[in-house]
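Proteins come first, then strands; the chains are lettered A, B, ... in the order of their sequence lines, and each starts at number 1.
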Amino acid sequence: MDNISIARLLDETASLLEIDSADPFRIRSYRRAAEAVEQQTTQLSTIADDPKQLLAIAGIGKGMVANIQALLTTGTMPLREELLQKYKPTMLELLRLPGMGPKTVALVWSACQVCDIDGLEAAAKAGHLTKLPRMGEKFVTKLLKGIEDHRKNSSRFRIDKAQQHADTIINLIRAFPGIDEIIPAGSLRRGRETVGDLDLLATGPACEPDVVSAAVEHVAALPLIDKLIAKGQNKVSFTLRNNLQVDVRLLPRASYGAALQYFTGSKMHNVALRQRAIKRGLTLSEYALLRLEDNVIVAAASEAEIYNALDLDYIPPELRENGGELEAAATHTLPQLITLADIRGDLHMHTEATDGRDTIRQMAEAALARGLAYIAITDHSKNLAMTNGLDDTRALAHIKRIREIDAEFAEEFAAGNKSSATPYSLHPTPSPFRILPGIEVDILADGALDLDDSTLAQMDIVVASIHSHFNQPAEEMTARVLRAIENPHVRILGHPTGRKVLGREAYAINIDTILKSAAQKGVAVEHNASPARADLNDLHLRLAKKHNCKIVINTDAHATEELDQMRYGITQLRRAWLTPTDILNTQPTAQALLQQLRPKP
DNA sequence: GCCGTTTTCGGCCCGACTGTTTTCAGTCG
């Protein structure tokens with residue numbers, strides 16, 4: 001059993017304990033243990049014989065060692081079995097519905113014997129639920145809507161999860177000798193926020209027709225396969241334990257480009273491309289671009305050859321949605337899309353002062369190691385009590401500390417003895433790494449901010465975001481944001497739509513009005529790079545560009561490794577046709593960036 | 001259930017919002 005499976009079972013046990021109204025702290029222990037296990041780089045199965053090594057992991061104690069050893073040897077553990085006597089595993093899915101917490105799940109089970117989504121929907125429609133305590137018309141309406149949304153989304157996977165699975169599988173397949181290239185095609189390659197399944201295309205000497213069967217057998221025997229769906233001449237289809245379907249195709253080098261083009265899509269892009277081919281007396285398939293009259297291959301080995309043979313510039317996968325990219329490619333007017341390397345700073349992140357996990361210095365070191373030139377530390381303000389948000393006094397003390405560490409970085413730079421993963425000297429224009437003092441200030445229900453202007457005046461970066469009262473009518477919500485950005489200290493509007501991928505609809509808000517107003521006031525709008533919260537979708541981003549709005553892309557990292565999520569945010573910017581000049585934090589230095597932001601009052 | 005320890009047990013982020021109540025439990029972040 002691998003770490004992911006152990007983590008999942010521990011987490012599920014935590015959920016079952018919640019339904020069972022167990023001690024909340026005991027529940028938290030199981031959740032923490034699950035997280036800790038998931039983050040381990042070594043497989044626990046290899047060190048399970050040595051309890052000392054397990055106990056060395058923070059969050060794993062004596063009890064958890066016994067649990068993990070039970071899981072590894074028997075595939076389950078006593079507490080889990082005991083809970084499954086009382087409850088059904090399908091109840092865990094009910095917890096994912098909005099408004100359904102452990103207490104409510106336990107209630108519908110004991111009162112109506114409802115333990116799955118279909119049963120819950122039936123009970124809701126039959127009016128059984130309104131007879132229960134604390135459940136009225138409104139609750140049932142919201143619940144039915146939640147079930148509908150859940151069904152719509154649950155068959156898709158977020159891009160980062162899909163990418164992780166793809167990386168794992170790719171590494172396993174690459175281990176087979178004679179496979180030298182393997183690329184995920186489909187919506188993952190196009191950078192969609194969610195993907196339905198994985199399409200992996202491999203090529204190399206081992207994929208040539210006369211020898212491919214050995215490679216097919218290798219793929220069909222991968223250890224992480226849950227169900228093998230199909231095994232053909234050069235294609236293997238299977239599902240993983242989480243139901244993600246994976247199609248692996250092993251293709252000869254000569255037709256790899258055509259296959260990559262075909263399986264990357266999108267469908268509408270391919271239709272348009274094939275129409276263009278026919279007009280030129282050609283025909284495009286997954287095998288090659290052929291001349292119609294004599295079936296001679298015009299292009300097949302690479303995508304670039306195919307596009308060029310159709311009198312088009314190479315079109316990046318993110319643009320292949322039949323949204324004007326063919327016309328642009330034909331007239332050589334495709335945009336120079338932004339890349340990860342263009343991003344020089346990250347202006348929204350949290351530290352252990354509030355709900356982050358790492359220190360100011362750790363975040364800075366991690367950003368420097370990732371090649372950034374500057375960051376802003378923007379911890380939460382006091383209204384977010386659950387994050388231990390900063391009041392005015394603590395906020396001022398915090399930025400004092402930020403300034404100190406910023407000065408330390410400057411000293412270390414001057415002394416030339418900075419030891420970090422990326423020495424300053426590797427940067428084209430060496431200058432000290434900068435840490436800007438900032439805050440993520442909360443926009444209250446009436447649009448006021450929850451810290452004093454005198455405090456905000458001390459900050460280089462003031463990100464204003466909404467964290468409560470999500471259910472205001474659109475007009476009120478819009479007015480509230482407009483009032484917040486009236487405050488001259490606000491320089492960035494944080495996660496302006498509150499959208500969550502696979503989780504929550506955007507706030508009811510008039511985004512057009514807000515973007516216009518932000519553009520007029522010089523307030524930058526933030527695209528949250530986290531794949532869970534790709535806040536502005538590509539439509540929003542295009543709208544922001546149209547209104548000449550300043551745009552920043554930030555990770556909102558709560559730990560050093562979350563800085564890596566920038567890559568997913570970049571993909572969304574590319575899908576919106578944005579270039580480096582459309583984004584403020586492509587500015588090379590903190591000073592240049594600050595000059596681009598709204599001037600301080 | 002874990003942790004830190006004054007080695008034997010107490011502390012472990014908790015406030016705001018919602019839909020239901022008629023004073024609050026449950027959910028969310």
Where the side chain of [X] is defined as all heavy atoms beyond and including C-beta, which of [options] is the nearest nucleotide?
X	options	answer
A/F139	B/dG19, B/dT18, B/dC2	B/dG19
A/K142	B/dG19, B/dG29, B/dG26	B/dG19
A/K138	B/dT20, B/dC2, B/dG26	B/dT20
A/L79	B/dG1, B/dT27, B/dC12	B/dG1
A/R28	B/dT18, B/dG1, B/dC12	B/dC12

At under 4.0 Å between heavy atoms, what does [X] touch on the DNA or RNA strands: base, sugar-phosphate, or nothing?
X	result
A/P24	nothing
A/P98	sugar-phosphate
A/T104	sugar-phosphate
A/D23	base
A/F25	base
A/Q472	nothing
A/L384	nothing

Does any non-hydrogen side-chain atom of A/R158 lie less than 4.5 Å from one of A/Y568?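 In short, these two side chains do not touch, never coming nearer than 4.5 Å.
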Just how far, in rounded Å, is [atom2] of [N] from [atom1] of [X]?
X	N	atom1	atom2	value
A/F470	B/dC28	CZ	C1'	9 Å
A/R96	B/dC28	CZ	C1'	17 Å
A/K103	B/dC28	NZ	P	13 Å
A/H495	B/dG29	NE2	P	12 Å
A/Y30	B/dC3	OH	P	13 Å
A/K145	B/dG19	NZ	P	15 Å

Roughly how far, to the nearest 0.5 Å, is CG of A/L107 from CD1 of A/I19?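 It is 12.0 Å, given to the nearest 0.5 Å.
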Taking A/E18 first and then A/K103, would you say they form a salt bridge - that is, a charged N and a carboxylate O separated by under 4.0 Å?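 Not counted as a salt bridge, because no side-chain N and carboxylate O are separated by less than 4.0 Å.
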Taking only Lys NZ, Arg NE, NH1 and NH2, and the carboxylate oxygens of Asp or Glu, determine whether A/K521 and A/E486 approach each other closer than 4.0 Å. yes
Please give the distance between the [atom1] atoms of [N] and [M] as a whole number of Å.
N	M	atom1	result
B/dG15	B/dT8	P	33 Å
B/dC12	B/dT21	C1'	31 Å
B/dC9	B/dC13	P	22 Å
B/dG11	B/dT5	P	16 Å
B/dT20	B/dA25	C1'	9 Å

Please check if the side chain of A/Q565 supplies one atom and the backbone of A/A532 the other of a donor-acceptor pair under 3.5 Å.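 Not a single qualifying donor-acceptor pair exists.
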I'd like to know if the side chain of A/R499 and the backbone of A/R533 have a donor-acceptor N/O pair within less than 3.5 Å.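 No, the answer is negative, given that no donor and acceptor are paired below the 3.5 Å cut-off.
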Using OP1 and OP2 only, check whether a side-chain N or O of A/R26 sits under 4.0 Å from B/dC12. no
With a cut-off of less than 4.0 Å, is there a side-chain N or O of A/R134 near OP1 or OP2 of B/dG26?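 True: A/R134 side-chain N/O within range (under 4.0 Å) of B/dG26 OP1/OP2.
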Assert: residue with more 5' nearest nucleotide on DNA chain B, out of A/V140 and A/I27, is A/I27
Of A/A58 and A/A385, the one whose nearest nucleotide on DNA chain B sits closer to the 5' end is A/A58
Pairing partner of B/dG15 (Watson-Crick or G-U wobble, both distances under 3.5 Å):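 Across all strands, the one nucleotide that pairs with B/dG15 is B/dC28.
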Start with the C-alpha distance between A/H467 and A/D442, add both sets of side-chain angles, then the distance that settles side chain to side chain donor-acceptor pair (under 3.5 Å), and finish with yes or no. CA-CA 7 Å; A/H467 298 98; A/D442 189 44; 2.8 Å; yes
Base orientation of B/dT5, syn vs anti, 90° cut from 0: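 Anti, since the glycosidic angle lies more than 90° from 0.
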